[in-house]
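In this chain, residues are counted from 1 in sequence order. No hydrogens, no waters, no symmetry mates; every other heavy atom, side chains included, goes into these values. In listed order, ligands and their atoms are each counted from 1.
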Amino acid sequence: MNKKKVALLCGGRSGEHEVSLVSANAIAGALDRERYDVLIIAIDRQGKWWLGEHAIARMQKGEEPYGDPVHLLPEPGRQGLIRLTAQGWEEIPVQIFFPVLHGPNGEDGTIQGLLELANVPYVGCGVLASACGMDKGIMKMLFSQAGLSQVPYQVVQRLQWEKESSSVIETLEESIGYPLFVKPANMGSSVGISKASNRQALQEAFAEALLYDNKVVVEKGVEAREIEVSVLGNNEVSASIPGEIVPCNDFYDYTAKYIDDRSRLLIPAPLTQEESEALQQMAIQAFKAIDGTGLARVDFFMDKKNGQIWINEINTLPGFTSISMYPKLWQSSGLGYSDLLHRLIELAEERHQEKQTLLVKPSK
Ligand SMILES: Nc1ncnc2c1ncn2[C@@H]1O[C@H](COP(=O)(O)OP(=O)(O)O)[C@@H](O)[C@H]1O
Ligand SMILES: [Mg+2]
């Protein structure tokens, strides 16, 4: 059998650089080598692309050069990467790209835009869904349009905060009330997020969130369980069984996610059949609301007292290590890690093929 060449894109110019390298390592280890040849492209913190079998390990240790410098040109027909050589350049064939990049410059539609221009198949959501899933303000608008219930929230722009912070504070206190969660609109891994229980903490929370974005989302803080559902598919979408995160801190902050290993995952989440089904349905609705393709993990809050469900967010490139929630939920739903990767690649090819049949100019 002719093996397909899959290029994993990892690292990147993002706060989630390290997590991405760990996810990519796990994917490289689990891709079926009977079917696929795996190429590793580690993107450094400056945004340079390095190709090489050991690029991840070298980048993790800071050993330059990480591999051979390679480029993807934004023009169709190249069938892969370009490597500059002393004689000129050579093409390195790639059939499928697999972005394993979390956060800005990877999960937000930017890399997807480059892959679209190059007209190559790639795993996961397209430009629009990636961008909408990254921006918590836009995501919330689409969720509310789809009728999905969310905690009360407000979007505040930097200029508005700088010009009239006291009236912004008054409105937030009156219309939502403490505790409030303050988040940069475009981030991930809880970076820049704080919980504020009084006015001074709110001011500090704004200062922190504004370090990362010009747009801030402020939400009502709820006492809730955190439930997550994995979705998979293009036109026909399936949802996994729900899982639950039990954070070791006051909330699921950066430390609880990556540093302190006392947070627990409960798979399946202890829920009734009806609750599970409602969550699965909402997860699929959320995926469709952002026009998702391939994969996403949809995260919910469930009121600890009365069981009310709110959607929190969608992640179009969720953590993908072998112990991450996304693959573990599929594992427990009957789809193992390596089969899941194979299915994601098939979905990427299907979507690419479908797009090739569309006209790019008037038929007459
Ligand atoms: N409105 C809220 N009420 C209670 N906890 C929240 C709220 N918003 C966020 N959190 C806590 O902060 C964590 C990170 O917030 P989230 O919006 O999921 O950002 P990220 O995209 O960085 O994961 C959540 O997993 C949860 O623990
Ligand atoms: Mg989250």
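Using a 4.0 angstrom heavy-atom cutoff, Phe301 counts as in contact with ligand 1. No heavy atom of Pro247 sits closer than 4.0 Å to any atom of ligand 1.
Of all the heavy atoms of Lys136, the ones lying under 4.0 Å from any atom of ligand 1 belong exclusively to the side chain. Contacts between Ile245 and ligand 1 below 4.0 angstrom, taking non-hydrogen atoms only, are absent altogether. With a heavy-atom cut-off of 4.0 Å, Tyr252 touches ligand 1 through backbone and side chain alike. Counting heavy atoms closer than 4.0 Å to ligand 1, residue Asn312 contributes side-chain atoms (C-beta onward) but none from N, CA, C or O.
Of the protein's non-hydrogen atoms, the one nearest atom 14 (C) of ligand 1 is Ser190 OG, 3.3 Å. Among all non-hydrogen protein atoms, the one lying nearest atom 3 (N) of ligand 1 is Val222 N, 2.9 Å. In this structure, atom 19 (O) of ligand 1 lies nearest to the protein heavy atom Ile193 CD1, 3.2 Å. The single protein non-hydrogen atom nearest to atom 10 (N) of ligand 1 is Phe181 CE2, 3.5 Å, given as residue, atom name and distance. Atom 12 (O) of ligand 1 has as its closest protein heavy atom Phe251 CD1, 3.1 Å. The nearest heavy-atom contact from the protein to atom 26 (C) of ligand 1 is Glu226 OE2, 3.2 Å. Closest to atom 23 (O) of ligand 1, if we only count protein heavy atoms, is Lys257 NZ, 2.8 Å.
At distances below 3.5 Å, at least one donor-acceptor pair connects side-chain atoms of Asn198 with backbone N or O atoms of Ala201. When atom types are taken as modelled, the side chain of His71 and the backbone of Ile82 share no donor-acceptor pair closer than 3.5 angstrom. Distance alone, capped at 3.5 Å, places no donor-acceptor pair between the Asn25 side chain and the Ser23 backbone. Remark: the backbone N or O of Val231 is paired with a side-chain donor or acceptor of Tyr326 at under 3.5 angstrom. In this structure a side-chain-to-backbone donor-acceptor pair under 3.5 Å is missing from Glu277 to Glu274. For Ser338 (side chain) and Ala30 (main-chain N/O), a donor-acceptor pair under 3.5 Å exists by modelled atom type. Although no hydrogens or angles enter the test, the distance criterion places a donor-acceptor pair under 3.5 Å between the side chain of Glu107 and the main chain of Thr316. Between the side chain of Thr357 and the main chain of Glu354, a donor-acceptor pair closer than 3.5 Å is present.
No N or O atom of Val151 sits closer than 3.5 Å to an N or O atom of ligand 1.
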Go through the steps for Tyr153 and Phe181 under the test ring pair (Phe, Tyr, Trp, His ring centres under 6.0 Å), then give the verdict. CA-CA 9 Å; Tyr153 74 95; Phe181 270 83; over 10 Å; no
Trace of the side-chain contact (heavy atoms from CB on, under 4.5 Å) decision for Gln46 with Arg13: CA-CA 6 Å; Gln46 283 68 48; Arg13 215 151 52 81; 5.5 Å; no
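Distances from atom 17 (O) of ligand 1 to the heavy atoms of Glu313, Lys183, Lys220 put Lys183 nearest.
Less than 4.0 angstrom separates some heavy atom of Ser189 from each of these atoms of ligand 1: 22 (O). Applying the 4.0 Å criterion to heavy atoms of Glu219 picks out, from ligand 1, the atoms 1 (N), 2 (C), 7 (C), 8 (N).
You'll find the ring centres of Phe301 and Trp310 outside the 6.0 Å limit.
Between the Mg ion (ligand 2) and the N, O or S atoms of Glu313, the shortest distance is to OE2.
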